[in-house]
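This report refers to the structure that appears directly beneath it.
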Amino acid sequence: ANSGRWLQWHWKGQDAPGEARNDGEILAGIYHRLREMYRSEGGKGIEPLLKMRWAYKQPESPEPEEIAKENNGIALADIYDPAGALIAKKGELLSGFALLRDDGTTASSCWIYTGSWTGQGNQMANRDNADPSGLGNTLGWSWAWPMNRRVLYNRASADIKGQPWDPKRMLIQWNGSKWAGNDIPDFNTAPPGSATNPFIMQPEGLGRLFALDKLAEGPFPEHYEPMETPLGTNPLHPNVISSPVVRLYEDDAARLGKKDRFPYVGTTYRLTEHFHTWTKHARLNAIAQPEQFVEISEGLAKAKGIANGDRVKVSSKRGFIRAVAVVTRRLRTLHVNGQQVETIGIPLHWGFEGVAQKGYIANTLTPNVGDANSQTPEYKAFLVNIEKA
């Protein structure tokens, strides 16, 4: 799962080595041992555990496919609509959460997953990345909860008459008889002009903007530039550039850089082939991504005379790293507040020892600034420079 609400099915690469067990085997072992202890010793809460359904083909090792189907939900009896028509037979996987019942005739681990594995198969395994809308709404790639809907509250993308606010970026629209478009409508039946408002999960149907117990820097969210910003100003809040209440110690404040020496934005991120700094010790991951690199745009590469594969030095006020330059179209020159802004992408997986080639710790570059509310460090936007090494 990811923050876009996609459930993406991944196939097992290989069996675990030695005595290692997967999650299903570990949980099954705990389950069976607890049952044995309750049977022999008794105790509070015995009834739900002993009556729990555990109808897996291999009780000691449930298969992921079995768990996924349970997540989706199943009809435990024939299901009928209000008009008396049969809509799901006993034993069938449910096609959507609208079929769930509160009378014990259906079962699902969580309503949002209903539709992820239906009678048509494993929807999470879909791998069609076609994007006819050009909006990045690849409805055929994996499955998004709920109902494969990619943009929540997408009714709000259309005006009161059901026509898109921006026709070039249409998500859904009213075609005269139903809602249709480039997403799964979350307004399947209510026509324009009905009493139903777009935010259907709220009782009043309206969007909400609030902060629990208010924010550390004010009652409402506000845009502040990072403590190290290439702009020198805050385009959306000219009186205050950066948050005045970040967690920043005196010694760390003295190591904040300025754009005259460090004119580019650095940002750290992860790679598909690695997990944090752990998998630099795994040979297969090291083969897939063996050497530390940084990504730069074609424009920045041309301006600095850096070619793809050159060794470069990336520095901040706090230190430096050396890596291989990858010149890519993934990163573009941004135009912000009348200025050109270049970004340097810095994967964070390397450092000292490991099966992979030795590298530098990316957090050598990052500032020790804590967000005022969450204390999350400001590792996604800071100032750096780059040159050939």
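Only heavy atoms go into these numbers, but all of them, side chains included; no hydrogens, no water, no symmetry mates. Nothing fancy with the numbering, it's 1 onward along the sequence.
- Ala190 and Trp179 make their closest contact through O-NE1, 2.7 Å (heavy atoms, listed as atom of the first residue, atom of the second, distance).
- Within 6.0 Å of atom NZ in Lys380, more than 12 heavy atoms from other residues, nucleotides or ligands are found, so the atom counts as buried in its surroundings.
- The two residues Val355 and Ala286 have their closest heavy-atom pair at CG1-CB, 4.0 Å.
- Taking CH2 from Trp174 and CZ from Phe187, the interatomic distance works out to 10.0 Å, rounded to the nearest 0.5 Å.
- Surrounding CZ of Arg33 are at most 12 heavy atoms belonging to other residues, nucleotides or ligands under 6.0 Å away.
- Residues Glu225 and Thr233 approach most closely at CG-O, 3.3 Å, considering heavy atoms.
- Paired with Leu94 under the rule side-chain contact (heavy atoms from CB on, under 4.5 Å), one option of Ile74, Thr118, Leu100 passes, and it is Leu100.
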Query - Verdict with supporting geometry, Thr106 and Leu99, side-chain contact (heavy atoms from CB on, under 4.5 Å) - result: CA-CA 8 Å; Thr106 63; Leu99 300 183; 5.7 Å; no

Report task. Check step by step if side-chain contact (heavy atoms from CB on, under 4.5 Å) holds for Asp186 and Leu152. Result -> CA-CA 8 Å; Asp186 62 3; Leu152 292 178; 5.7 Å; no

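- In this structure, the side chains of Ile241 and Thr229 come closer than 4.5 Å at one or more pairs of heavy atoms.
- Taking 4.5 Å as the limit, every side-chain heavy atom of Tyr264 sits out of range of all side-chain heavy atoms of Pro230.
- Residue Trp6 belongs to a hydrophobic cluster whose other members are Trp141, with links defined by side-chain heavy atoms closer than 4.5 Å.
- Annotation for Asn285 and Glu273: closest pair ND2-O, 2.5 Å, computed over non-hydrogen atoms.
- Phe199 is linked by a ring-ring contact (aromatic ring centres under 6.0 Å, His included) to Tyr153, counting only residues two or more places apart in sequence or in another chain.
- Around the CZ atom of Arg283, the shell of radius 6.0 Å holds no more than 12 heavy atoms that belong to other residues, nucleotides or ligands.
- No donor-acceptor contact under 3.5 angstrom links the side chains of Asn126 and Ser142, judged on distance only.
- Considering CD of Gln123 and CH2 of Trp143, their distance stands at 8.5 Å, rounded to 0.5 Å.
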Requested in this report: Apply side-chain contact (heavy atoms from CB on, under 4.5 Å) to the pair Ile344 and Ile346, showing each step before the final yes or no.
Outcome: CA-CA 6 Å; Ile344 297 175; Ile346 306 167; 4.1 Å; yes

Report task. Please lay out, stage by stage, how Glu70 and Arg53 fare under the test side-chain contact (heavy atoms from CB on, under 4.5 Å). Result -> CA-CA 11 Å; Glu70 282 190 328; Arg53 181 176 178 271; 3.1 Å; yes

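- For the atom pair CG (Asp131) and OG (Ser133), the distance works out to 4.5 Å, reported to the nearest 0.5 Å.
- Salt bridge status for Asp183 with Arg150: absent, with no side-chain N to carboxylate O gap under 4.0 Å.
- In this structure, Trp117 has its ring center closer than 6.0 angstrom to the ring center of Trp9.
- Residues Ser109 and Tyr113 are in side-chain contact: their nearest non-hydrogen atoms beyond the backbone lie under 4.5 Å apart.
- Classification of Arg247 and Glu378 as a salt-bridged pair fails, no side-chain N sitting under 4.0 Å from a carboxylate O.
- Aromatic pair Tyr56/Trp54: centroids less than 6.0 angstrom apart.
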Requested in this report: Would you please test Thr114 and Asn72 for side-chain hydrogen bond (donor to acceptor under 3.5 Å, both in side chains) and show each step?
Outcome: CA-CA 4 Å; Thr114 306; Asn72 176 85; 5.4 Å; no

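- Minimum interatomic distance between Asn373 and Ala216 (heavy atoms only, all atoms of both residues): OD1-N, 2.7 Å.
- Each of Leu348 and Ile321 belongs to its own hydrophobic cluster when Ile, Leu, Val, Met, Phe, Trp and Tyr are linked at side-chain heavy-atom distances under 4.5 angstrom.
- Summarising the local packing, CG of Asp103 is surrounded by more than 12 heavy atoms from other residues, nucleotides or ligands at distances under 6.0 Å.
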Report task. Take Thr279 and His274 through the test side-chain hydrogen bond (donor to acceptor under 3.5 Å, both in side chains) and record every step on the way to the result. Result -> CA-CA 6 Å; Thr279 50; His274 281 290; 2.9 Å; yes

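- Of the charged side-chain nitrogens involved, none lies within less than 4.0 Å of a carboxylate oxygen, so that Glu228 and Arg255 do not count as a salt-bridged pair.
- Using a 4.5 Å heavy-atom cutoff, the side chains of Pro263 and Asn385 are in contact.
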Report task. Please assess Ser157 against Asn154 for the test side-chain hydrogen bond (donor to acceptor under 3.5 Å, both in side chains), listing each intermediate value before the final yes or no. Result -> CA-CA 5 Å; Ser157 69; Asn154 50 37; 5.9 Å; no

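- With a 6.0 Å radius and a threshold of 12 heavy atoms from other residues, nucleotides or ligands, Arg169 has its CZ atom at or below the threshold.
- Counting only heavy atoms from C-beta outward, the side chains of Lys313 and Ile386 never approach each other to under 4.5 Å.
- A donor-acceptor pair under 3.5 Å is formed between the side chain of His32 and the backbone N or O of Pro59.
- Remark: the backbone N or O of Pro347 is not paired with any side-chain donor or acceptor of Arg270 at under 3.5 angstrom.
- Cluster membership for Ile26 and Met52, using ILVMFWY side-chain heavy atoms within less than 4.5 angstrom, is shared.
- Remark: the backbone N or O of Gly24 is paired with a side-chain donor or acceptor of Asn22 at under 3.5 angstrom.
- At a threshold of 4.5 Å between non-hydrogen side-chain atoms, the residues Pro226 and Phe382 do not count as touching.
- Note: the hydrophobic cluster containing Ile296 also contains Val384 (ILVMFWY, side chain heavy atoms under 4.5 Å, direct or indirect links).
- Under 4.0 Å is where a charged nitrogen must lie from a carboxylate oxygen, and between Arg330 and Glu295 at least one such pair does.
- Linking ILVMFWY side-chain heavy atoms closer than 4.5 Å, directly or via other members, places Leu300 and Val312 in a single hydrophobic cluster.
- A donor-acceptor pair is defined here as one N or O able to donate and one able to accept, closer than 3.5 Å; no such pair exists between the side chain of His349 and the backbone of Lys280.
- Residues meeting the side-chain hydrogen bond (donor to acceptor under 3.5 Å, both in side chains) test with Glu47, sequence neighbours left out: Lys51.
- At most 12 non-hydrogen atoms from other residues, nucleotides or ligands lie less than 6.0 angstrom from CD1 of Ile160.
- Closest of all the heavy-atom pairs between Pro146 and Phe97 is CB-CE2, 3.9 Å.
- The aromatic rings of Phe275 and Trp278 stand perpendicular to each other, their planes meeting at an angle above 60°, with 30° marking the opposite boundary.
- In this structure, the side chains of Asn308 and Val326 come closer than 4.5 Å at one or more pairs of heavy atoms.
- Contact annotation: the side chain of Ile87 never approaches that of Tyr80 to less than 4.5 Å [non-hydrogen atoms, C-beta and beyond].
- Environment of CG in Asp251: sparse, with no more than 12 heavy atoms of neighbouring residues, nucleotides or ligands closer than 6.0 Å.
- Ion pairing of Lys304 with Glu342 is absent here, as no side-chain N (NZ or NE/NH1/NH2) approaches a carboxylate O to less than 4.0 Å.
- Expressed to the nearest 0.5 Å, how far CZ of Arg322 lies from NZ of Lys388 amounts to 15.0 Å.
- Two different hydrophobic clusters hold Ile361 and Tyr379 under the rule that ILVMFWY side chains link at heavy-atom gaps under 4.5 Å.
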Query raised in the report: Yes or no on side-chain hydrogen bond (donor to acceptor under 3.5 Å, both in side chains) for Glu65 and Asn122, after CA distance, side-chain angles and deciding distance?
Result: CA-CA 9 Å; Glu65 290 82 358; Asn122 183 357; over 6 Å; no

